[in-house]
2 protein chains.
Amino acid sequence: MSGIREQKKQQTRKAIIDAAIGLFTEKGFEQTSMDELARAAGVGKGTIYGYFKAKEEIFLAYCEAEIDFAFAALDRKLDEEAPLVDQLVAQTMGQLTFVTGNREFGRLFAREMVFPGESSKLASRELDMRYLSKLGEVLGRSQQLGELPEDSDPLLLIAHLHAIYILVLSSFYRDDLTSMEDAEVLVRLLILQVLYGPAAVALANTEERKKWENLKLKFLEQREPKR
Amino acid sequence: MSGIREQKKQQTRKAIIDAAIGLFTEKGFEQTSMDELARAAGVGKGTIYGYFKAKEEIFLAYCEAEIDFAFAALDRKLDEEAPLVDQLVAQTMGQLTFVTGNREFGRLFAREMVFPGESSKLASRELDMRYLSKLGEVLGRSQQLGELPEDSDPLLLIAHLHAIYILVLSSFYRDDLTSMEDAEVLVRLLILQVLYGPAAVALANTEERKKWENLKLKFLEQREPKR
DNA sequence: GTAAAATCTCGACCGCAGTCGACTTTTTGG
DNA sequence: CCAAAAAGTCGACTGCGGTCGAGATTTTAC
């Protein structure tokens with residue numbers, strides 16, 4: 001009745017997450033063992049599993065904290081007056097920069113978000129909601145301004161933009177993209193294509209098209225030689 | 001000089017892969033232990049690591065065999081006379097059906113292909129080459145037939161189609177899609193959008209649009225209630 | 001206040017992927 | 001042909017994530 005138990009539980013939970021944030025940030029996720037984490041949190045190892053189903057779930061809790069921060073920063077930078085394409089590119093690149101900031105962290109995070117296991121399904125859904133609704137706002141404003149055809153379907157566009165984001169993230173982890181500039185070129189072209197159809201490359205400026213030609217060369221080169 | 005060694009090595013390698021195919025197919029990847037695999041292959045556990053860097057690498061070798069089979073089947077079914085959109089949808093759905101045939105296998109496979117670790121980067125690159133060149137052929141034919149604007153960039157289109165494939169795969173693993181019919185609706189609409197711009201939904205027939213409306217509802221429903 | 005029930009805590013323990021170094025087999029070179 | 005070097009094989013061992021059940025702590029019921 002008194003709720004002593006509930007109180008303690010909150011404390012313990014916090015202790016675990018705090019310890020995780022410290023250790024993961026310091027030594028990385030894979031390099032932190034559960035024994036270590038338990039010791040740092042001042043609880044038995046078994047206790048942790050009363051709060052989290054798996055190590056991976058602690059990782060997601062850790063991510064949430066980081067993401068809150070990153071999203072807030074992104075929001076501040078977004079310019080609502082800029083052209084639609086620029087806003088979308090900025091949003092996508094912002095996410096990308098954050099996720100790939102630490103390569104190993106990013107890969108784990110991407111894997112969990114894009115192909116979640118049973119245990120991370122809920123967490124992943126919650127996280128990408130925010131991202132999707134952000135895009136929804138941008139598109140909504142734009143549609144009202146007449147930048148988009150009236151009969152276009154916002155959700156379908158969002159799906160597509162999400163697809164682009166995942167693709168670029170994947171390209172990064174497959175070493176098809178090696179710099180953020182390259183990534184931005186690809187993102188911009190893909191977004192142009194979605195918004196304006198397959199002839200959209202023509203809309204890019206000369207500078208971008210040159211960069212794109214280089215990117216293509218690099219890509220094909222890496223695959224052609226049958227080795 | 002005699003090459004006895006080389007010969008034996010090929011044998012051993014084959015024995016390991018064969019054992020893996022048998023066990024993975026029968027009991028699944030995660031349920032098969034390296035000790036078991038070693039016993040089945042008739043070698044010591046340590047020996048396996050002379051042939052493969054990690055369990056995951058054996059998994060990819062296993063995948064290659066499966067994929068060869070699936071691709072051949074797909075090729076036979078593809079109708080070169082069909083409209084571009086139908087061909088692309090068929091190709092994408094074929095892949096999807098294969099990969100998700102076994103849910104757990106598919107998730108592991110997708111994770112390795114889309115966000116490969118250092119050890120699987122090469123294998124993943126080789127595998128998706130075939131898929132990409134397949135799409136390239138289809139698009140090439142189509143461009144010659146004038147179904148596509150002359151100034152569209154095939155590689156960019158391929159990138160986009162790949163993005164769609166990954167997105168739909170992801171949606172499947174996030175339970176946003178629960179049937180292959182749903183998946184096909186989404187794939188078709190996304191492809192239409194890429195080929196003909198954001199107003200393309202209008203190109204779908206009434207039946208598909210109804211299905212899409214249902215899909216959207218289900219999607220939003222699952223996210224709205226703050227629980 | 002107390003005894004029974006419910007809940008939480010703990011670390012020894014399990015099964016696993018991957019390593020290591022002692023041992024065996026093949027190749028080399030004189 | 002033989003001994004030294006190189007290459008390959010092996011399973012006991014290590015460290016890890018996750019489980020389990022005995023015991024401690026809180027809540028409930030009277």
Side-chain angles (χ1 to χ4, degrees), chain A residues 1-20 23-24 26-62 104-105 108 111-112 116-120 123, chain B residues 1-20 23-24 26-62 104-105 107-108 111-112 116-120:
Chain A
M1 196 175 290
S2 64
I4 283 181
R5 195 145 234 170
E6 204 52 39
Q7 205 176 319
K8 265 197 186 169
K9 273 179 76 174
Q10 292 310 320
Q11 261 181 283
T12 306
R13 191 188 176 79
K14 187 165 182 329
I16 294 170
I17 292 188
D18 285 350
L23 287 173
F24 291 175
E26 184 196 339
K27 342 180 15 186
F29 174 71
E30 315 231 54
Q31 282 66 49
T32 303
S33 78
M34 291 301 278
D35 282 285
E36 225 173 339
L37 179 56
R39 231 175 301 125
V43 300
K45 179 152 73 150
T47 303
I48 297 183
Y49 287 88
Y51 292 84
F52 300 91
K53 272 205 283 296
K55 194 185 182 190
E56 165 196 280
E57 209 172 289
I58 306 175
F59 177 71
L60 285 170
Y62 163 78
E104 274 324 295
F105 157 82
L108 290 173
R111 283 186 177 189
E112 285 308 320
E118 285 309 317
S119 61
S120 38
Chain B
M1 194 177 288
S2 63
I4 284 180
R5 194 146 233 168
E6 204 52 37
Q7 204 176 319
K8 264 197 187 168
K9 274 178 74 175
Q10 291 310 320
Q11 262 180 279
T12 307
R13 192 189 175 77
K14 187 167 181 328
I16 295 170
I17 293 189
D18 286 350
L23 288 173
F24 290 176
E26 185 195 340
K27 340 178 20 186
F29 175 72
E30 314 232 53
Q31 282 64 50
T32 302
S33 78
M34 291 301 277
D35 282 285
E36 225 173 338
L37 179 56
R39 230 175 301 125
V43 300
K45 180 152 71 151
T47 303
I48 298 183
Y49 288 87
Y51 292 85
F52 301 91
K53 275 205 282 295
K55 195 185 181 189
E56 167 196 278
E57 211 172 286
I58 307 175
F59 178 71
L60 286 170
Y62 163 78
E104 272 326 293
F105 157 82
R107 170 159 46 228
L108 291 172
R111 283 187 177 188
E112 284 309 319
E118 285 308 317
S119 61
S120 38

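In what follows, chains are A, B, ... by sequence order, proteins preceding strands, each numbered from 1.
If you take CG on A:L23 and CG on A:D18, they are separated by 11.0 Å, rounding to the nearest 0.5 Å.
Residue A:Q31 contributes atom CD, which lies 15 Å from atom P of D:dG15 at whole-angstrom precision. Distance CD (A:E30) to C1' (C:dA17): 13 Å, rounded to an integer number of Å. Nucleotide D:dG18 holds its C1' atom 19 Å from the CZ atom of A:F59, rounded to whole Å. Following rounding to the nearest Å, A:I16 (CD1) and D:dG18 (P) show an atom-to-atom distance of 14 Å. As rounded to whole Å, 11 Å separates atom C1' of D:dG18 from atom CD1 of A:I58. Rounded to an integer number of Å, the gap from A:I48 CD1 to D:dC16 P is 14 Å. Straight-line distance from the NZ atom of A:K55 to the C1' atom of D:dT19: 17 Å, rounded to whole Å.
For the pair A:M34 and A:K45, the tightest heavy-atom approach, listed with the atom from each and the gap, is CB-CD, 3.8 Å. The shortest non-hydrogen separation linking B:L37 to B:I16 is CD1-O, 4.0 Å. A pairwise comparison of heavy atoms in A:A54 and A:Y49 identifies CA-CE2, 4.3 Å as the closest pair. Minimum heavy-atom separation, A:R13 to A:Y51: NH1-O, 3.7 Å. The shortest non-hydrogen separation linking A:I58 to A:A20 is CG2-CB, 3.7 Å.
Ion pairing of B:R107 with B:E104 is present here, as a side-chain N (NZ or NE/NH1/NH2) and a carboxylate O approach within less than 4.0 Å.
B:Y51 comes within contact range of the sugar-phosphate backbone alone, with a heavy-atom separation under 4.0 Å but no base atom that close. Within the 4.0 angstrom heavy-atom criterion, base atoms lie near A:G46.
Only B:K9, B:T12, listed by number, bring a heavy atom of residues 8-15 of chain B to less than 4.0 angstrom from any atom of DNA chain D. Shown for residues 33-40 of chain A: no residue has heavy atoms falling under 4.0 angstrom of DNA chain C.
Using a 4.0 Å cut-off, no side-chain N or O of A:T47 falls inside it from OP1 or OP2 of C:dC8. Taking side-chain N and O atoms only, A:Y49 has no distance below 4.0 Å to OP1 or OP2 of D:dC20.
In terms of polar N and O atoms assigned as donor or acceptor, the side chain of A:K45 comes within less than 3.5 Å of the base of D:dG18 in a complementary pairing.
For A:K27, the NZ atom is densely surrounded, since the number of other residues' heavy atoms within 6.0 Å is greater than 12.
Taking the six-membered ring where tryptophan is involved, the planes of A:F29 and A:F59 are tilted, since the angle between them lies from 30° to 60°.
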